[in-house]
Engineer: 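Pasting a structure below so you can have a look.
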Amino acid sequence: MSCLISRLALLAPVALSLIQPAGALPKARDAPTIPQYVIDYAPLVWLHSQDPYRPSDLQQQLDHTTAQVKWKEVDGAPSPLTLDNLDKLNDIGNTSVYLTSHEGIDISPEPDWFHGITPTAQGVTEKGTGSAIIVVDHGKGDVDAFYFYFYAYNKGNTVLGMEFGDHMGDWEHNMIRFSSGSPQAIWYSQHASGQAFTYDAAEKKGKRPYAYSGNGTHANYAIAGKHDHTIPGVNLPDGPLVDYSDRGLLWDPTANAYTYTYDPATAKFAAGKPDTPVGWLNFNGQWGDDQPPNEPSIFGQAKYVAGPNGPKFKHLDRKEVCPSSPCVVLPFRIWAEKNSTA
Ligand SMILES: *[C@@H]1O[C@H](CO)[C@@H](O)[C@H](O)[C@H]1NC(C)=O
Ligand SMILES: *[C@@H]1O[C@H](CO)[C@@H](O)[C@H](O)[C@H]1NC(C)=O
């Protein structure tokens, strides 16, 4: 039954809205075309207690940036840039376009907009949308739900008193793989890689897995504590390159999310509701400033680095729950006990 309803949800939103009782309507503001279980099982994100860089409104990023290629404003860019027209930049610069902050990245004091929106006690970012849920239906009941989180600013790690990897614009995500409406496994993005766990292994509130957002970097972890990520995808309790996470502020990314479906056959996104902007998802450029010219670097690591590209480049059409192979799906949360008593 739940499977049937979810099929209908993808195929016939109108029919669904007729048969679904009002009380069962999803919380996300425009979820009618995505299955209810994608919302029911959605992760909850613990933001770090001391992290000044909170989830951030997508349109706000466009309001505070200019489309540049090699540090020069691109000619013919739509003005103003909106989430509907952002993909127009693909014709004038494509992947070389950087949404470059008006104030620059190396600025003190930092403008308020770097700091995003602090969620309410209910976990809602009331004044903006810093999350997008993208549902990919592979048929036969196999559905991948991507939960994307956006932060205006990424503060890198400090190693031996030196700061590395600060950048404007930060995209992170979880992905939950469902089989006939039942969650199987979950992916946590961390820097260039991440970790996968069985759904059963994830720490949860009711049905909803927790993701712990690293202080400043927003890498997503399955457990609170210290995470050394010197070896990509391997989470060690200590080391030279450490992310910190704790139970600071709980963010419910479904509460104010844009929702979409993505068709891997046509590589097309569709909005969950007619007034949800789609163009930004097709944007091939970068969501932050380019790496400053002549930025000093030590062992190839610089303080300020280029901003990232968006959700379409995060392997939405995956074979496994990880974006690449080999994919190890851990059946337990390694280091959990060690960290929670630390
Ligand atoms: C978290 O980051 C902020 C600044 O970005 C810093 O002041 C604070 O000390 C950090 N906390 C931990 C535990 O690393
Ligand atoms: C623009 O970038 C996309 C993504 O990398 C690429 O597939 C496409 O071929 C590029 N278009 C042009 C005209 O270079």
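In listed order, ligands and their atoms are each counted from 1. Computed over heavy atoms, backbone and side chain alike; hydrogens, waters and symmetry mates excluded.
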Engineer: For ligand 1, find each of its N or O atoms that sits under 3.5 Å from a protein N or O atom, and tabulate the pairs with distances to one decimal place.
Structural biologist:
residue, atom, partner, partner atom, Å
ligand 1, 2 (O), N215, OD1, 3.2
ligand 1, 2 (O), N215, ND2, 2.4
ligand 1, 11 (N), Q50, OE1, 2.6
ligand 1, 11 (N), N215, ND2, 2.8
ligand 1, 14 (O), N215, ND2, 3.2

Engineer: Between Y212 and N220, is there a side-chain heavy-atom distance shorter than 4.5 Å?
Structural biologist: no

Engineer: Suppose we screen for ring-ring contact (aromatic ring centres under 6.0 Å, His included). Which residues come up paired with H48, at least two apart in sequence or across chains?
Structural biologist: none

Engineer: With atoms numbered from 1 as shown, which atoms in ligand 2 lie under 4.0 angstrom from a non-hydrogen atom of T95?
Structural biologist: 2 (O), 5 (O)

Engineer: If the cut-off is 4.0 Å to any non-hydrogen atom of N94, which atoms of ligand 2 fall inside it?
Structural biologist: 1 (C), 2 (O), 3 (C), 8 (C), 10 (C), 11 (N), 12 (C), 14 (O)

Engineer: Should the pair H227 and Y221 be assigned to parallel (<30°), tilted (30 to 60°) or perpendicular (>60°) ring geometry?
Structural biologist: parallel

Engineer: Does a salt bridge link R208 with D40, judged by any charged N lying under 4.0 Å from a carboxylate O?
Structural biologist: no

Engineer: Using atom types as modelled, flag every donor-acceptor pair under 3.5 Å from a side chain in residues 87-95 to any protein atom, sequence neighbours excluded.
Structural biologist:
residue, atom, partner, partner atom, Å
N90, OD1, N284, N, 2.8
N90, ND2, N282, O, 2.8
N94, OD1, N284, ND2, 2.9

Engineer: Just to verify, what does Y41 make a ring-ring contact (aromatic ring centres under 6.0 Å, His included) with, not counting sequence neighbours?
Structural biologist: F178, Y199

Engineer: Please name the pair of heavy atoms, one in Y153 and one in I105, separated by the smallest distance, quoted to 0.1 Å.
Structural biologist: CE1-CG1, 3.8 Å

